[in-house]
Amino acid sequence: MNAALILATLRQRLASPSRLILLLLLGGTPLFVVLVSPRSGFAGLGDCYFLGLVFAAGMIGQDLSSGTLPLLLARPVTRAQYVASRWIAAAAGTFAVVTLQVLLAALIMLLRGVPLPWDEAALYLGTNALLALGVTAVMALLSSLAAGLGDLWLLFLVFFSAQVLEKVGQFKSWGWLVRGAEELLRTLRPEFSLTALAGGGPFPWLALVTYLSTVTLCLALAIVVVNRRELSYATSN
Amino acid sequence: MDGIQIESLTKTFRAGRVRALDGVSLAIAPGEVFGIIGPNGAGKTTLLGCLLGFLRPDAGRVTVAGHEPDDLAIRALTGYLPERLTLDRWMSGLDFLAYHHALARLPAASRASDAAAALARVGLDAEAGQRSIRRYSRGMLQRLGLAQALLGEPRYLFLDEPASGVDPAGVVLFRRLLAEVKARGATVVLNSHQLDQVERVCDRVAFVRQGRVEALETLHAGAELARVLRVRGPRGSIGGAVPREALEQAAARAGAQLREIAPPVARFAVGDDEGAVRLVQSLVAAGVPVAEVTAEEGRLERLFLEDGSAGGPA
């Protein structure tokens, strides 16, 4: 991990006006739900999946397309550090917006005289922190594969393909295809709900292992892809 | 083993169909300013990419001070200015330098002062430092890129077309900075199409064509008298009525040097355009009849032309 890279990534993400507008829209709109029905609690805020997408889109690909990567990697920074720093920065940025949302939602509830469900807030923040780490890990992998904002297209392509496969599986009654498509869709959205833990049931080991293995695999593959990539004008043209 | 060793380096692209480098072997000594010249598509930038560890050679080996070029210890001693300079345009100039200062693992305590000093070193003022990079002109970008490359006084400096898009004052500044870098013993690899600049600053030059080193020229880096003027007088004047001593004295007064006399032509070495003007004035004042003055192409230019590569550099 590299602190300078993490800070620069956060600043780079927030320097884009279109990204800022999207973050404001995605972060601000759920607050109206809380404003209208404050008793719905933090569940009214939804989750941070799309916030994570906005923060992470192009995190590596934009460096590839803009040509800033050779200058960066001429410095004493390993490619693994580079990928990990970009990932942590995108996840941290997403989580910061979620935290701000929670604080504003709590303020709205206070002003509307609704008692604050602190335990719910803690579970909400924890679950969204894990979702932010998950979705940004997937985007790190997709972004290492495609220049510019091509990661969003790749995400859409995989999502669309999985949906089609699922429908075909259902139509043909091929259970294995349906399960495969569902697995693919779950991979695009690695999450682990802490709310299930609070319920008092058996510990969801499978869900936790699935989550951790997906995040680890995505990051490892992203590092391999970036490590194998040659940086040259001759190969980029 | 502090220098750069290149052994039988071969690099191909497109599944081996394009051979960018073909068995290149070079040894660049510590403290040497080494130029790479050649026509477009010769493999110069590919060679630089291999030296920086950005490209994996198909065969052969590159070592910098005995280490792989992508060794982090070597990266910490390396400065690099790419040809197609793309900077993080959302930053200010000072922020950009502070960012690279941090990436280079230089001490945080001196970050702000080092960034400001680096900016001043390349002739950019404090106001430019506060300005967003997206508002920089091409020449300012190149200066900022050079300031970034010089951060932390690197021991190995790789410059790809450093004076590209820079105004004449910037070119002079670039030469001065390179002289400073050389004076403190850094090893410099310079890839440039500006042959007169290469000729002035480099100790040795490799002429690369079709992925091979076709010639290695040893130059006299920093030579004050880098340009040669041919002065022709009427028949019987230079080398006849006008003796060698008179020409030598006139040249000395102008800060020039008489190279040779082949009547009715004398060849003089001068530093620059102003030196050329002073020489002609001095010759006329000494009563030397001057019928024609022409500038001779430099050694590297001759190398290019003699090579027959379609009229030289593009």
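Proteins come first, then strands; the chains are lettered A, B, ... in the order of their sequence lines, and each starts at number 1. Only this structure's heavy atoms are used, side chains among them; waters, hydrogens and symmetry mates stay out. Bear in mind the structure is a predicted one, so any value in this text is a computation, not a measurement.
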Nearest heavy-atom pair of [X] and [Y]: which atoms, and what distance?
{"X": "A:A8", "Y": "B:M91", "answer": "CB-CE, 4.3 Å"}
{"X": "A:P76", "Y": "B:A104", "answer": "CD-CA, 3.9 Å"}
{"X": "A:L71", "Y": "B:P82", "answer": "CD1-CD, 3.5 Å"}
{"X": "B:L72", "Y": "A:T78", "answer": "CD1-CG2, 3.5 Å"}
{"X": "B:L103", "Y": "A:L5", "answer": "CD2-CG, 4.1 Å"}

| Which atoms of A:A15 approach chain B - backbone, side chain, both or neither, heavy atom under 4.5 Å | side chain

| request: Sort A:S16 into side chain, backbone, both or neither according to what part of it lies under 4.5 angstrom from a heavy atom of chain B. | output: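 Contact with chain B is absent: no heavy atom of A:S16 under 4.5 Å.
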
| said: Are A:L73 and B:Y80 packed together at the side-chain level, in the sense that at least one heavy-atom pair is separated by less than 4.5 angstrom? | reply: no

| message | Can you confirm whether B:R56 is buried at CZ, in the sense that more than 12 heavy atoms of other residues, nucleotides or ligands lie under 6.0 Å from that atom? | response | yes

| Does B:R184 CZ have over 12 foreign heavy atoms under 6.0 Å away? | yes

| task | Before giving the answer on side chain to side chain contact (heavy atoms under 4.5 Å, CB included), spell out for B:W90 and A:L14 the whole-Å C-alpha distance, their side-chain angles and the decisive distance to 0.1 Å. | result | CA-CA 10 Å; B:W90 50 273; A:L14 295 173; over 6 Å; no

| Sidechain-backbone polar pair: A:R75 side chain, B:R105 backbone, donor-acceptor under 3.5 Å |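 Absent.
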
| Given that the side chain runs from C-beta out, which part of B:D70 has a heavy atom under 4.5 Å from chain A: side chain, backbone, both or neither? | neither

| field | Most chain A-contacting option - heavy-atom pairs closer than 4.5 Å, from B:D95, B:V18, B:D71 | value | B:D95

